[in-house]
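Okay, so here's the structure we're looking at.
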Amino acid sequence: MPPDRPAPGDRPWWQDAVVYQIYPRSFADANGDGVGDLEGIRQHLDHLSWLGVDAIWLSPFYRSPMDDFGYDVSDHCDVDPLFGTLEDFDRLVADCHQRDIRVVVDWVPNHTSDRHPWFEAARSDRDDPHRDWYVWRDPTPDGGPPNNWVASFSDAEPAWTLDEATGQWYLHLFLPTQPDVSWDHPELESAMHDVLRFWLDRGVDGIRADVLHAIGKAPGLPDDAPEMLPIPHSGLNHVPEVTLPRVRKLRDLLDSYDGDRMMVGEVYLLDTSLVAQYYDDGRGLHLSFNFPPLYAPWDATSWRARVAEVEALIEPVGWPSWVLSNHDNLRHRTRYGGSESRARAAAFLVLGLRGTAFLYAGEELGLTDAVVAPDRVVDPGGRDGCRAPIPWTPAPDHGWGMTDPWLPWPPEATAGGDAESQRSDPASILHLYRRLLAARKASPALTAGAQRVVEAGEGVLAWERTDGADRRVVAVSFAAEPVDTGFGADLVVEVASDGRGEGEPFSGVLGSDSAVVLRPAD
Ligand code: GLC
């Protein structure tokens, strides 16, 4: 078990945490087959300890046909041979805990693979006891799908597939090989609880719940409003009166364990007021992913609005979370136009704003998306670029034991952007992330102190963090020209995105696409 490290002020560990997302296929490969694995992760824990992260979140490593690269689970309680074994998992957790790194695992409650034994049984016969574990409907009189819902990863195709053999349509908000389970069926709900217990009993510290807002569907499965089409239904499904009672039970289950086990829910609704509802006044999620900032463009006005929403809507009901990149979206350096200075400045947002910070493996190296030639495309959702393998060492094999892994390398791999080269260069973005994590950990104000946005000139977003006498100011410039922030030499530069002037009084001027953490002069 991880050593007990009660946060000052009796906060649970996850409020102070920097959580590092690992996409197992792409992180590190111990057996040289070109696909990352659990042992590869274990062999790279030094990188994470050195960086200073508090927890890792592992995207799915369960048995799967890999149509959605693991988010199509065919056995929730076993490791896919591609990634290793349960023993490898136990070893990884033990080594993480020894290093005081918590482990969060993914849990996919909305759907399974169509090759999961539950679905194979369900589709075998209308009278099979597992039939109602999934969502089946008769065809409409003209033989069409039961409603107008649109599937994700499709070109506005129906979220329904007709099972010819049994003559009914089944629901799938994602691929046809990812049938939605029915949380209306108590035995399914209890089987899903058992999956959680399986991993919690194995010692994991938290759960990331995939598309959690989708587990409660509107009774009668009414059509989506025509003007909302063709947004996939997974981005629209919000039925709190059905979903929240289910989430409360999940919360109770997590809280029945010792050690502040945490559940962070993926609530893929691009409206912070909806995301906030899943905290359910302390009875729902511990953390709810809030993606509007992830989609905010690189400009101060948009970011000021996103921060204000979190302060107004999330703070009163729960603890915020911040995320800029994950395995489903272009990496933020790519989204923001590709410059490393912007990527450096953006790190001050995710690590400086009040809340739990989620980093996506490789962002600490400043990676951009790989360019994936049409004949290398493998993901049905077009997300290959952000899933490129992590370059650990210089060319040719980048520490993977082979030169041509499952996806092409990111562009930085051959430009000195590998982890080893960056580690030996104190001016690298990797060192910047490390300094930011250290500054955050060392300052109660930055870790969990109060937050107040302050004026700092056109194009700059600045905020003050305070905890008792401890005080920090963070300023991020989105401007094209240097800006006079109005902050004076009574503040010292603690961390600068370009590394310049650290430890010296702040000049007051912030360069374009740059950021600072300031502390009061002694
Ligand atoms: C979530 C995952 C994504 C997956 C989808 C379906 O959005 O993050 O990767 O494809 O759910 O499971």
Side-chain angles (χ1 to χ4, degrees), residues 19 21-27 36 57-76 80 83 104-116 119 134-135 149-154 157 159 161 170-181 183 192 195 206-215 217 231-238 243 263-270 274-275 278 285 287-292 294-295 321 323-331 358-361 369 377-388 406-407:
V19 183
Q21 182 194 355
I22 290 178
Y23 195 68
R25 292 184 79 87
S26 306
F27 192 67
W57 145 34
L58 301 170
S59 281
F61 49 82
Y62 316 115
R63 277 189 189 263
S64 163
M66 304 289 169
D67 290 352
D68 188 14
F69 295 103
Y71 284 95
D72 48 324
V73 179
S74 57
D75 182 346
H76 296 96
D80 195 279
F83 298 125
V104 175
V105 297
D106 228 296
W107 172 63
V108 188
N110 178 68
H111 45 267
T112 66
S113 163
D114 65 344
R115 273 149 283 174
H116 194 295
F119 189 72
Y134 293 84
V135 185
W149 293 0
V150 164
S152 294
F153 318 139
S154 80
E157 296 294 322
T161 289
Y170 65 85
L171 177 67
H172 52 86
L173 297 190
F174 295 91
L175 297 172
T177 54
Q178 290 173 294
D180 278 43
V181 296
W183 277 73
M192 280 293 182
V195 172
I207 303 290
R208 179 266 188 186
D210 189 61
V211 290
L212 191 65
H213 60 291
I215 66 171
K217 314 283 195 302
I231 297 179
H233 186 76
S234 64
L236 301 172
N237 193 86
H238 175 62
T243 306
M263 179 173 277
V264 54
E266 185 197 29
V267 178
Y268 222 119
L269 298 167
L270 298 184
L274 303 185
V275 169
Y278 292 79
L285 290 172
L287 288 171
S288 186
F289 275 130
N290 179 45
F291 290 147
L294 189 152
Y295 289 106
S321 69
V323 55
L324 290 175
S325 284
N326 62 28
H327 65 294
D328 288 331
N329 293 283
L330 293 180
R331 284 183 176 277
F358 286 84
L359 306 182
Y360 177 48
D369 278 30
V377 167
V378 288
D379 177 45
R383 299 161 294 182
D384 293 325
C386 66
R387 298 173 178 181
W406 77 289
L407 282 174

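For ligands, and for the atoms within them, numbers begin at 1 and follow the listed sequence.
The atoms of ligand 1 that sit less than 4.0 Å from any heavy atom of F153 are 10 (O). Set against the non-hydrogen atoms of R383, the atoms of ligand 1 under 4.0 Å away are 3 (C), 4 (C), 9 (O), 10 (O).
Under 4.0 Å from ligand 1, not a single heavy atom of H172 appears.
For the residue pair Y62/D106, the side-chain donor-acceptor check at 3.5 Å is not satisfied. H172 and Y134 share no side-chain donor-acceptor pair at under 3.5 Å. The closest side-chain donor-acceptor pair between D72 and T177, if any, does not fall under 3.5 angstrom.
Classification of R25 and D80 as a salt-bridged pair fails, no side-chain N sitting under 4.0 Å from a carboxylate O.
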Give the intermediate values and the outcome of side chain to side chain contact (heavy atoms under 4.5 Å, CB included) for residues D114 and T161.
CA-CA 12 Å; D114 65 344; T161 289; over 6 Å; no
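The residue from H111, R208, E266 that puts a heavy atom closest to atom 7 (O) of ligand 1 is E266.
Among all protein heavy atoms, the one lying closest to atom 9 (O) of ligand 1 is D328 OD1, 2.7 Å. Looking from atom 6 (C) of ligand 1 to the surrounding protein, the closest heavy atom is D68 OD2, 3.4 Å. Of all protein heavy atoms, the one closest to atom 2 (C) of ligand 1 is D210 OD1, 3.0 Å.
Ring centroids of F174 and Y71 are separated by 6.0 Å or more, keeping the two rings apart.
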